[in-house]
Amino acid sequence: MSESLIIQGETKSERYAELASQLHSLLAGEADMIARMANVAGALKEAFDWWWVGFYRVIGNQLVLGPYQGPIACTRIAYNRGVCGTAWAQKQTIIVPDVEQFPGHIACSSLSRSEIVVPILINNEVIGVLDIDSEQINMFDEIDEKCLEEIVQIIIH
Ligand code: SME
């Protein structure tokens with residue numbers, strides 16, 4: 001494995017494609033889910049430099065903070081609470097263009113302005129979520145949704 005990623009694409013789609021192909025080799029041979037999540041969080045941070053990118057894992061009836069890159073964050077989120085708990089309950093990706101407009105949004109950082117949460121499903125059960133926050137409003141769109149859902153598939157295979 002090389003020491004760093006090579007992400008040179010100018011468009012978001014190109015950067016995601018470059019990242020996805022390198023993730024396959026980055027994760028090859030590593031079965032531990034926390035190790036896989038840790039390197040994916042690091043790779044996403046390196047490729048896109050978002051404010052906060054990381055994982056929460058389902059443990060019992062809560063989401064518990066997992067590997068991430070960014071400022072400190074709340075450690076536990078209840079089912080159906082906040083954006084993360086809602087994505088868990090709905091089993092689908094949620095894009096929040098403006099966190100102030102999302103009822104129940106949990107503000108781990110007052111600088112976060114927009115957010116995307118992608119649930120991670122195995123056999124139709126949510127085992128965790130990928131959560132990404134930006135300090136810019138309206139940062140995430142359907143390209144991020146599609147590409148991040150593909151990256152989540154790489155993590156679980
Ligand atoms: N904003 C999230 C909480 C997690 S932090 O953003 C890292 C939510 O509403 O679920």
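Just so you know, ligand 1 is whichever comes first in the structure, and atom 1 is the first atom listed for that ligand.
- Between D49 and K45 there is a salt bridge, since at least one side-chain N of the basic residue sits less than 4.0 Å from a carboxylate O of the acidic one.
- Considering all non-hydrogen atoms of both residues, A43 and L19 come closest at CB-CD1, 3.8 Å.
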Starting from the N and O atoms of ligand 1, find every protein N or O within less than 3.5 Å and list the pair with its distance.
unit_1, atom_1, unit_2, atom_2, d
ligand 1, 1 (N), H105, NE2, 3.3
ligand 1, 1 (N), I106, O, 2.7
ligand 1, 1 (N), E115, OE1, 3.0
ligand 1, 1 (N), E115, OE2, 3.1
ligand 1, 6 (O), D131, OD2, 3.3
ligand 1, 6 (O), D133, OD1, 3.4
ligand 1, 6 (O), D133, OD2, 2.8
ligand 1, 9 (O), V83, N, 2.9
ligand 1, 9 (O), I106, N, 2.9
ligand 1, 10 (O), V83, N, 3.0
ligand 1, 10 (O), C84, N, 2.8

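- A donor-acceptor pair shorter than 3.5 Å can be found between the side chains of S109 and W51.
- Taking a 6.0 Å sphere around CZ of R15, one finds it holds more than 12 heavy atoms contributed by other residues, nucleotides or ligands.
- Looking only at atom types and distance, the side chain of Y16 has a donor-acceptor partner in the side chain of D144 under 3.5 Å away.
- The backbone N or O of A31 sits nowhere less than 3.5 Å from a side-chain atom of R36 that would complete a donor-acceptor pair.
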